[in-house]
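For this chain, numbers begin at 1 and follow the sequence in order.
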Amino acid sequence: PVTIVRLESLQLSYRVIPELYLNESWDGIDDLIVFKSAISSTGLRKLKGFVAAGGKIVYADEPLGLGEEKSLLEFVEC
């Protein structure tokens with residue numbers, strides 16, 4: 001499974017954004033790495049807004065059903 005430790009080992013630049021502050025924090029972010037297991041229905045609505053604004057979702061554990069999404073594996077291979 002993908003964890004924060006695994007993200008660090010991939011040497012990806014990232015920051016953790018609490019779901020509560022998602023809307024205020026996504027300026028300048030093109031891709032969000034998301035753990036479906038950690039998202040509430042409110043968070044899912046916020047992610048739909050992110051996608052509608054042109055953002056892309058990268059799922060770390062399983063797809064969220066938000067349309068065009070990439071797995072973390074696909075993302076790091078780019």
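- V76 and V16 fall within a single hydrophobic cluster, where Ile, Leu, Val, Met, Phe, Trp and Tyr are joined by side-chain heavy atoms under 4.5 Å apart, directly or via other members.
- Counting heavy-atom neighbours within 6.0 Å of E24 CD, excluding the residue itself, gives a total above 12.
- In this structure the side chain of F50 never reaches within 4.5 angstrom of the side chain of L22, judged on heavy atoms.
- Hydrophobic cluster membership differs between L72 and Y59, with clusters built from Ile, Leu, Val, Met, Phe, Trp and Tyr side chains linked at under 4.5 angstrom.
- Applying the 4.5 Å side-chain rule to ILVMFWY residues, one finds Y21 in the same cluster as L20.
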| query | Hey, mind stepping through D31 and F75 against side-chain contact (heavy atoms from CB on, under 4.5 Å) and telling me if it holds? | reply | CA-CA 9 Å; D31 304 282; F75 180 72; 3.7 Å; yes
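- Considering all non-hydrogen atoms of both residues, I29 and R15 come closest at CD1-NH2, 3.2 Å.
- Put simply, I17 and L64 are part of the same group of oily side chains (I, L, V, M, F, W, Y) that touch within less than 4.5 Å, one to the next.
- Remark: the backbone N or O of S71 is paired with a side-chain donor or acceptor of E74 at under 3.5 angstrom.
- Checking side-chain atoms of E69 against main-chain N and O of L66 turns up a donor-acceptor pair under 3.5 Å.
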Which pairs of donor and acceptor atoms, one on a side chain in residues 32-40, lie under 3.5 Å apart (sequence neighbours left out)?
residue: K36; atom: NZ; partner: P63; partner atom: O; Å: 3.4
residue: S37; atom: OG; partner: D61; partner atom: OD2; Å: 3.0
residue: S40; atom: OG; partner: E19; partner atom: OE2; Å: 2.4
residue: S40; atom: OG; partner: T42; partner atom: N; Å: 3.3
residue: S40; atom: OG; partner: G43; partner atom: N; Å: 3.2

